[in-house]
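Below, chain A is the first sequence line, B the second, and so on; all start at residue 1. Keep in mind it's a predicted model, so treat the numbers as computed, not measured.
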Amino acid sequence: MRRGGSGLALAAVNNKQIAKVFEDIADLLELKGENVFKVRAYQKAARAIEQSPTEVEQLVKEDRLRAVPGVGEAIAKKTTELVQTGKLEYYEKLKAEFPPGLSALLDIPGVGPKTAMLLSKDLGITTVDELEKAIVAGKLAQLPRMGEKTAENLLRHIQALRRKTQRIPIGQALPLVDEIFARLRAVPGVRNLVPAGSLRRFLETVGDIDLMGTADDPKPVIDTFTTLPMVNDVLGKGTTKASVVVSGGLQVDLRIVDHDSFGSLLQYFTGSKQHNINLRQRALRQGLSLSEYGITVVETGKLEKYATEEAFYQRLGLACIPPEIREGTDEIDRAAKGKLPTLVEPGDLKGDLHVHSDWSDGRASIETMVKAAKDMGYEYVCIADHSHGRGIARGLNRDRLEEQLAEIEKLNNSVKGIRILSGMEVDIRSDGALDMPDELLERLDVVTGSVHSGLGQSQDQMTARIVTAMENPNLDILGHPTGRLMPDREAAAVDVEAVFRAAKRTATMLEINAMPSRLDLKDTHIYRARELGVMLVINTDAHSPEHLALSRFGIGIARRGWCEAGDVANTRSLPELLKLIKPKGKK
DNA sequence: GCCGTTTTCGGCCCGACTGTTTTCAGTCG
């Protein structure tokens, strides 16, 4: 990243920042009363750019910007200006047309562009605080189409907005859903309980939870749901759906429908929004109109119901698209051409290559961890304790590592049905050196290298440090590559593209760390790594036997990155896995 | 502003709710 006071300095602009500019532009154009389709074009481009697995800076360099869906001539030109100069004149001019802060009014549910402009023009309101004061002073009712009820609702929404809880990580949401479902399954006649929305698509955080199900009689299911022990507040309760707030402030919606229309409903509520828009656009060309109720043949007006998503997609000439990739990129085209990936599944994993024991900071003995791995049905497991640089984690020095190797050998003779691989999660020191002599690392089956200290290094330093480590022929896997720890620690400044290219060159695998607080190799990272032909590995970083089951999170995020079993090293049988490690010239 | 298995122009997803209306505009998911 370059710094400097001069306007000539090139600003590094990341995808998120570019997307934010286009979202802002969409808001401002909306306020301006521009053509809604133009507004939507900016919104669509913003989303596509945010989700782009490749940094836009890279795309500009390679002149591939137009390949991003929704980016045409005008937006490509603006993006290029933004990347090259760090500024966008069009945006600056547009912003100057409105009082600052006005678009923040759009965050209030119930306030759209028309209302925001009305408030600004007639009452001079440009901030949320001013709006609140005006409502309390009873000034709102004098405006056209604004009654007492509207004022009351707006006030409530403003207050709710202030205490709104943040999106919660999927690592917290999923166990909560498990618990709710366990209780709802006890109700007779209930079937098909599944989460929908962002949770089903396995987004790393969710804003609320949508649950779906079918039942012979919805009433007892709804009743059970609204009286669950974790429910703090019931927002609404009807014959087929209910909304509650659970402890922690998270909203959970449950919808119970007939068995025969479940497919279209689930499809609709799974989203994503852009996926559904694209799907409907395509359906219209086939003379079909889609809704949550089913598929309507436009010509005859006849509604067809679908009990399963498979049948729903099939009617449109498509294979059923896995929820994790329904993000409105090119998944529909791929489905139409029969070129959907066969995504990796939990049952594909044959081992875990990053497991700690009580030799360092794990909570269980090697034997206990190994038996737990065997219970998972694994063929192999790799003990990877910390190196001594991690003093706080009781990292192993060379003597204790020697002892541990002897212990593993002993256990391999006594424990049957699973192979214990020797390994280590060795610290990558600040200069890129590994925290254990090469002659010892050479003797290990699998070596994972991780950055645990000096996380504040500059991007150039951090990138060079990691690349240096990967150039060590003894390093097989780069552990938790960006170091993000939710919710407190941001990813380290690292040039992901450069690291991935170095991984390819040095045949180093990248770890998809399944620990829900990490998941630091993100969906877009995974997609890009695959594109570059980098081998991935899904590990849990388990510190106790229960942690081994967290692999579900690694699988979920890998699926969002379009990962197939072949992209993941630990879906291979042991001999095949060892072949992947060999080419680095060890032993 | 984007985009093309009818189109380089003329379209652009769908249904529901709310509050204010006397037939609907605005907003949401």
Side-chain angles (χ1 to χ4, degrees), chain A residues 22-23 25-49 65-79 90-91 94 105-119 140-154 156-157 160 196-198 201 206-210 212 236 238 240-241 243 251 253 255 261 264-265 267-296 298 301 303 316-317 328 330 332-333 336-337:
Chain A
F22 288 131
E23 266 165 37
I25 290 176
D27 279 350
L28 294 169
L29 291 177
E30 219 178 358
L31 290 174
K32 209 173 166 177
E34 259 288 2
N35 179 322
V36 290
F37 298 109
K38 188 168 171 178
V39 172
R40 195 180 293 166
Y42 276 101
Q43 286 167 340
K44 186 178 174 183
R47 272 195 302 269
I49 285 172
L65 214 45
R66 297 286 298 273
V68 178
V71 175
E73 200 184 333
I75 291 184
K77 197 159 163 264
K78 291 187 174 73
T79 307
Y90 174 77
Y91 177 44
L94 197 57
L105 289 180
L106 300 176
D107 292 339
I108 305 168
V111 177
K114 296 287 195 307
T115 310
M117 283 313 284
L118 186 72
L119 291 169
L140 226 60
Q142 45 184 278
L143 296 178
R145 301 191 62 86
M146 286 281 166
E148 203 151 300
K149 203 105 180 222
T150 306
E152 217 172 86
N153 283 338
L154 287 182
R156 221 183 53 231
H157 282 136
S198 49
R201 302 201 314 281
V206 298
D208 58 14
I209 294 179
D210 285 313
M212 306 278 143
T240 63
K241 70 178 219 185
S243 291
Q251 183 173 334
D253 296 344
R255 202 173 296 260
S261 57
S264 50
L265 189 87
Q267 196 287 323
Y268 176 83
F269 280 104
T270 297
S272 66
K273 186 175 172 173
Q274 192 60 49
H275 173 81
N276 284 355
I277 289 174
N278 294 350
L279 197 64
R280 284 174 185 167
Q281 233 160 23
R282 183 176 186 278
L284 274 181
R285 280 185 245 127
Q286 300 169 306
L288 303 171
S289 171
L290 311 183
S291 77
E292 57 266 52
Y293 304 107
I295 298 178
T296 307
V298 176
L303 176 74
L316 302 174
D330 62 346
I332 293 172
D333 286 344
K337 289 178 190 149

### Query
Taking atom P in both dT18(B) and dT23(B), what distance in whole Å separates the two?
22 Å
### Task
Check the pair His275(A) / Gln267(A) against side chain to side chain contact (heavy atoms under 4.5 Å, CB included), numbers first and verdict last.
CA-CA 10 Å; His275(A) 173 81; Gln267(A) 196 287 323; 3.7 Å; yes
### Task
Measure the distance from NZ on Lys38(A) to C1' on dG1(B) and round it to the nearest whole Å.
7 Å
### Task
State the pairing partner of dT8(B); accept Watson-Crick or G-U wobble contacts with both distances under 3.5 Å, and report none otherwise.
none
### Query
How would nucleotides 16-29 of chain B be written as a contact map, 5' to 3', with B for base contact, S for sugar-phosphate-only contact and - for no contact, using protein heavy atoms under 4.0 Å?
S--BS---BBSSSB
### Query
Looking only at atom P, what distance separates dT22(B) and dA16(B), rounded to whole Å?
25 Å
### Query
So, is Gln281(A) near the phosphate of dC13(B), with a side-chain N or O under 4.0 Å from OP1 or OP2?
yes
### Query
Is the distance from OP1 or OP2 of dC13(B) to the nearest side-chain N or O of Ser289(A) less than 4.0 Å?
no
#### Entry: Value in whole Å for how far the P atom of dC3(B) lies from OH of Tyr42(A)
13 Å
### Task
Rounded off to whole Å, could you give me the CD-to-P distance for the Glu34(A) and dG1(B) pair?
7 Å
### Pairwise C1' distance for dT8(B) and dC2(B), with rounding to whole Å
12 Å
### Query
Expressed in angstrom and rounded to an integer, what is the separation of Leu284(A) atom CG from dC13(B) atom P?
8 Å
### Query
Do Ser264(A) and Ile295(A) come within less than 4.5 Å of each other through their side chains, counting heavy atoms only?
no
### Value in whole Å for how far the P atom of dG4(B) lies from CG of Asp330(A)
13 Å
### Task
Could you tell me the separation between the CZ atom of Arg282(A) and the P atom of dT6(B), rounded to a whole number of Å?
12 Å
### Whole-Å P distance, dG10(B) and dG15(B)
26 Å
### Task
Applying side chain to side chain contact (heavy atoms under 4.5 Å, CB included), run through Glu73(A) and Arg66(A) and close with a yes or a no.
CA-CA 7 Å; Glu73(A) 200 184 333; Arg66(A) 297 286 298 273; 3.9 Å; yes
### Task
Please assess Phe22(A) against Ile25(A) for the test side chain to side chain contact (heavy atoms under 4.5 Å, CB included), listing each intermediate value before the final yes or no.
CA-CA 5 Å; Phe22(A) 288 131; Ile25(A) 290 176; 3.9 Å; yes
### Message
Would you say Lys78(A) places a side-chain N or O within less than 4.0 Å of OP1 or OP2 belonging to dG1(B)?
### Response
yes
### Message
Let me confirm one number: the CD1-OG1 distance from Ile108(A) to Thr115(A), rounded to the nearest 0.5 Å.
### Response
10.0 Å
### Message
Need to verify one output field. Residue with the more 5' nearest nucleotide on DNA chain B, Arg285(A) or Ile75(A)?
### Response
Ile75(A)
### Query
Roughly how far apart, to the nearest Å, are dC17(B) and dC12(B) at atom P?
24 Å
### Message
Counting the atoms with a prime plus P, OP1 and OP2 as sugar-phosphate, which does Leu279(A) contact under 4.0 Å by heavy atoms, base, sugar-phosphate, or nothing?
### Response
nothing
### Query
What distance separates Leu284(A) CG from Arg282(A) CZ, expressed to the nearest 0.5 Å?
12.0 Å
### Task
Find the distance Ile295(A):CD1 to dG15(B):P and express it as a whole number of Å.
13 Å
### Task
In whole angstrom, give me the gap between the P atoms of dC14(B) and dC9(B).
25 Å
### Message
Between dT5(B) and dG1(B), how far apart are the two C1' atoms, rounded to whole Å?
### Response
24 Å
### Query
Considering all heavy atoms of both residues, which atom of Ala116(A) and which atom of Leu31(A) are nearest to each other, and what is their separation?
CB-CD2, 3.7 Å
### Inter-nucleotide P distance (dC13(B), dG4(B)), Å rounded
14 Å
### Summary
Nearest heavy-atom contact between Pro144(A) and Leu118(A) is O-CD2, 4.0 Å
### Query
Within the structure shown, what part of the strands sits under 4.0 Å from Lys77(A) by heavy-atom distance: base, sugar-phosphate, or nothing?
nothing
#### Entry: Whole angstrom value for the distance that separates P of dC2(B) from CD1 of Ile49(A)
10 Å
